[in-house]
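Here is the structure we will look at, set down as structure tokens.
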4 protein chains.
Amino acid sequence: MDLLPRSAMASSSLPRLGPVAGKVASFGQMSRKLTPRGKERRAQLIAFATHEFAEKGYHLTSVADIVDGLGVGKGVFYWYFSSKEELFVEIMRTSQRGMRRQQQAAITGVEDPVKRIELGIRAGVLWLAEHNDLRKLFEFARTEGRFREAMQSGQAVLVSDAQVHLEEAIEQGRIPDRDPEALALAIIGVSNQLTNVYIDGRNMNPEFVADLVVSFCRDGIGVGGCDGIGVSARDAIGASQRD
Amino acid sequence: MDLLPRSAMASSSLPRLGPVAGKVASFGQMSRKLTPRGKERRAQLIAFATHEFAEKGYHLTSVADIVDGLGVGKGVFYWYFSSKEELFVEIMRTSQRGMRRQQQAAITGVEDPVKRIELGIRAGVLWLAEHNDLRKLFEFARTEGRFREAMQSGQAVLVSDAQVHLEEAIEQGRIPDRDPEALALAIIGVSNQLTNVYIDGRNMNPEFVADLVVSFCRDGIGVGGCDGIGVSARDAIGASQRD
Amino acid sequence: MDLLPRSAMASSSLPRLGPVAGKVASFGQMSRKLTPRGKERRAQLIAFATHEFAEKGYHLTSVADIVDGLGVGKGVFYWYFSSKEELFVEIMRTSQRGMRRQQQAAITGVEDPVKRIELGIRAGVLWLAEHNDLRKLFEFARTEGRFREAMQSGQAVLVSDAQVHLEEAIEQGRIPDRDPEALALAIIGVSNQLTNVYIDGRNMNPEFVADLVVSFCRDGIGVGGCDGIGVSARDAIGASQRD
Amino acid sequence: MDLLPRSAMASSSLPRLGPVAGKVASFGQMSRKLTPRGKERRAQLIAFATHEFAEKGYHLTSVADIVDGLGVGKGVFYWYFSSKEELFVEIMRTSQRGMRRQQQAAITGVEDPVKRIELGIRAGVLWLAEHNDLRKLFEFARTEGRFREAMQSGQAVLVSDAQVHLEEAIEQGRIPDRDPEALALAIIGVSNQLTNVYIDGRNMNPEFVADLVVSFCRDGIGVGGCDGIGVSARDAIGASQRD
DNA sequence: TATGAATGAGGTTTCATTCAT
DNA sequence: TATGAATGAAACCTCATTCAT
């Protein structure tokens, strides 16, 4: 033998470590009492993971990438989060709350519903611009079953927020009477798309992009609309669902 | 050469019985001569993989899932595709071409640019509704670096298609003079969002959803618009980029 | 479904092909009656495979590489060879015979044993230079159990060829009386090493390298040697083996 | 940055608990902080893999073979080495260093250059005899492109070590003036060949084999040589390269 | 004879997760 | 709390070989 007697090789003197069998982590979130230091660590993990997820994608970012990037051990991760999945869901939840808060702050105290809609759109676009990483995560979350539900319920909140103002505008005759939910969804679609291409892709000025979105959506919902606008749409409202 | 002059290798006096080897395919794609049987297999793989990718997501669908689903061996997959990634890109490319073809077929011979836009939107939404699986793949492709480029170039084609009609409409004074690219992007954003929620999520009638999209976008681009519409947007055009 | 009804996917209409179970090819060489055309194909396969094996190594050259490189189907390969292993062994065998033939042709009719040794060395080096691919295969064959035996028996022939001349030289008192087998092996070692580095690695003139080898080996075996040379070696001859 | 300024990530106020991430290791090698336990494991893996590689060959030894042989999980391998290839290169590098160390230890303090050469040869042969597994790996490494470079640079060191002594011997007129590099290579060729056949193949006494090699090489380089030795070689020196 | 299609064991590698220390 | 070591299922992919056509 060369470096070690053969017998010594086969029967290692080292005891075995590691998991015994495929124990799956129970789903659900961890709730641990955290010291201030612990809170900072947790925030660090979230911040860095968000960055990595956005950069490379959820699946291409391993837990090892995250802890290595912060220079900590694997145990740290599982001390604060019960799984990678839980971390992701946590990021989603927090972010959606943050976006909503910013949107609501922007419209607080504004009387005019149309103005509220405009300000809401603008706040939304600016938030997305500022939290570009999170916008990417939202996009991903929509594409995978287990995260979809969380995403949709979050989006539903935004939609219903917008709906309120749209309904008020309709009641006041400021815009034509079209399905407010559809209008809200359309607004979200425009916001995401233009933010994606113009801010993420071309690094344009967020205020400018917000203007574009507002401009398209103002017209789209029929603000300042003349007679005849949206007629076909109004006719369509109330149509039945398939199947 | 050792046993035979190199030239003797390449050009044997024996009749060529197969393809002349040689690397072809500049973009990583396999290009094999396929028998009818082979073509059928390949189509089967694409169809089944598309379904699985849409259902579970790209990463959660393994090559094993695909070949097991078809009841064939693993080698079959790699006979037709050089990698899972290549298959995905192939699906993207083909789909985008298909969508464009359908859109162009819908507007062929129509004089009025505004009408062309409407028909294009409608055709797009109906295609998305019909190929819901592919719509999901598009969403995913946008979220991962290696597929993003392919997606964006495909989307760029759709955008520039729409731009042509928008520009013509602007020239004819049918809609206000706003950045046609932004308008095209906004239309795409609305189409995706409403299709996603209403057709994929709630299984609504695609024609109805198409109506919703057309309605919002007609107004959004300013069809039949009055003075004063889009003023702020027009002012914003030409603003500089961030950073 | 998108491209194919789901039911059609799972149950392919294509019958299954391929091997049924792990049947191992019986070892041994194929002996088929070959037409002239068949002989040419076989030679083509050998030539191309030799080239590829030398370039990339035996394990990194797949049967597919070989048949693709010649633009033929897989069946061709297995028509002429029962396995990749058999092909390799066949190349070894043929080559060793070729080298020996060239070496013997070079010394035919030469009286002086020392001259024969020199000419043999020179012929060997030139053969190795000309068949550099095969030299590489020889090196590889030595490193893997299943090919080793074939290699060693082939080398043994060369050694015993050389031994004859060395013994005659010793008998004639032309060189000191040292173990002729060891001398023959040493000559082979020098030939291989210098050919490897100078011809394969630095593309030097084979004649020049042959001179270097001859020069070292002439002295090494003690041609023109003075008294006292090789004394310690002579003492060592006859020493017992280990174990 | 999205949630935390980027700088905040890199330099947290929390004490650094592990290595600061960051790619190190310019040549693909892993450089992990290892505990004593880890070092032992790594050494075990190297020892066992060396044994297996030598026994069955690099390609016929799978990572599974290695970890199974040690009774550990597959992940262990990739904890210590980034790939099978890296492990192999690591073995090569370490071994070459080890051989050189032993050779240099053997000649330290010896005045006579010819004596140094003899002792160096002897030390080399004895090292090869003692590390027969590694000798086999060296042979294999020469046959495959990706390992060749590492091998050659390692061998170049040995050659240049020997060259120094040969040049000194030439200057002192102890041996004829022939290309010292060629002489060094020839010595290596003889050492490998005789060790291979006599020690690995026939299990002879290493000391005896070392005597054989020294004897042949002493004469080969012309120690104690008379006039007229090496004339043709001297003439050849300086000849041009092919092509 | 020759081909393209198919097989499937087995190769390397990754990675979420666990746990002794 | 934190770490490094370990697990092992499972992922992607390769390839010698077989065989219907």
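Just so we're on the same page: letters track the sequence lines, and every chain starts at 1. The basis for the numbers below is simple: all heavy atoms, side chains too, and nothing from hydrogens, waters or symmetry mates. Since the structure is predicted, the reported quantities are computational estimates derived from the model, not experimental observations.
At the heavy-atom level, B:Tyr80 lies under 4.0 Å from the strands shown only through sugar-phosphate atoms.
Which of E:dT7, F:dA2, F:dA5 sits closest to the side chain of B:Val72 comes down to E:dT7.
Here the closest non-hydrogen pair linking B:Leu137 and B:Met92 is CB-CE, 3.3 Å. What you find for A:Phe53 and A:Lys84 is that their closest heavy atoms are CE2-CE, 4.1 Å. Of all heavy-atom pairs between B:Leu87 and B:Ala49, the closest is CD2-CB, 3.5 Å.
Take D:Lys74 and apply the salt bridge (Lys or Arg N to Asp or Glu O under 4.0 Å) test, not counting sequence neighbours, and it matches no residue. With sequence neighbours left out, the side chain to side chain donor-acceptor pair (under 3.5 Å) criterion links D:Ser83 to no other residue. Applying the side chain to side chain donor-acceptor pair (under 3.5 Å) rule to D:Asp65 yields the partners D:Lys56, D:Ser62; only residues at least two apart in sequence or on another chain are considered. In terms of the salt bridge (Lys or Arg N to Asp or Glu O under 4.0 Å) criterion, residue partners of B:Arg146 (sequence neighbours excluded) are, by chain and number, B:Glu85, B:Glu144.
Of the side-chain N and O atoms in C:Arg37, one or more sit less than 4.0 angstrom from OP1 or OP2 of E:dA2. Contact between the side-chain N/O atoms of D:Trp79 and the OP1/OP2 oxygens of F:dA5 is found at a separation under 4.0 Å. In terms of phosphate contacts, C:Thr35 brings a side-chain nitrogen or oxygen within less than 4.0 Å of OP1 or OP2 of E:dT1.
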Quick one, C:Phe147 with C:Tyr58, criterion ring pair (Phe, Tyr, Trp, His ring centres under 6.0 Å). Give me CA distance, side-chain angles, the key distance, then yes/no. CA-CA 11 Å; C:Phe147 302 131; C:Tyr58 176 79; 5.3 Å; yes
Show the numbers, then the answer: is there a ring pair (Phe, Tyr, Trp, His ring centres under 6.0 Å) between A:Phe140 and A:Phe88? CA-CA 11 Å; A:Phe140 167 73; A:Phe88 188 82; 5.7 Å; yes
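Of the C1' atoms belonging to F:dT21 and E:dT1, the separation is 13 Å, rounded to the nearest Å.
A straight line from NZ of B:Lys39 to C1' of E:dG4 spans 13 Å, rounded to a whole angstrom. What separates CD of D:Glu40 from P of F:dA5 is a distance of 12 Å, to the nearest Å. When the P atom of F:dT17 is taken as reference, atom CD of C:Glu86 falls 10 Å away, rounded to whole Å. The CZ atom of A:Arg41 sits 11 Å away from the P atom of F:dT1 (whole-angstrom rounding). The nearest whole Å value for the distance from the CZ atom in C:Arg146 to the P atom in F:dA16 is 10 Å. The separation between B:Met30 atom CE and F:dT14 atom C1' is 11 Å, rounded to whole Å. Here F:dA5 presents its P atom at 12 Å from CZ of D:Phe81, a figure rounded to the nearest Å. Across the protein-nucleic acid pair, D:Leu70 atom CG and F:dA6 atom P stand 11 Å apart, rounded to whole Å.
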Can you give me the dot-bracket string for DNA chain E, 5' to 3', counting Watson-Crick and G-U wobble pairs with both distances under 3.5 Å, using [ ] for crossing pairs and | for partners on another strand? .||||||||||||||||||||
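Taking for each of A:Leu34 and D:Val76 the nucleotide of DNA chain F with the nearest heavy atom, the 5'-most of the two is the partner of A:Leu34.
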Determine, for nucleotides 10-16 of chain E in 5'-to-3' order, which nucleotides have protein heavy atoms under 4.0 Å from the base (write B), from only the sugar-phosphate (write S), or from neither (write -). BSBBBBS
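Rounding to the nearest 0.5 Å places NE2 of D:His59 at 4.5 Å from CG of C:Leu60.
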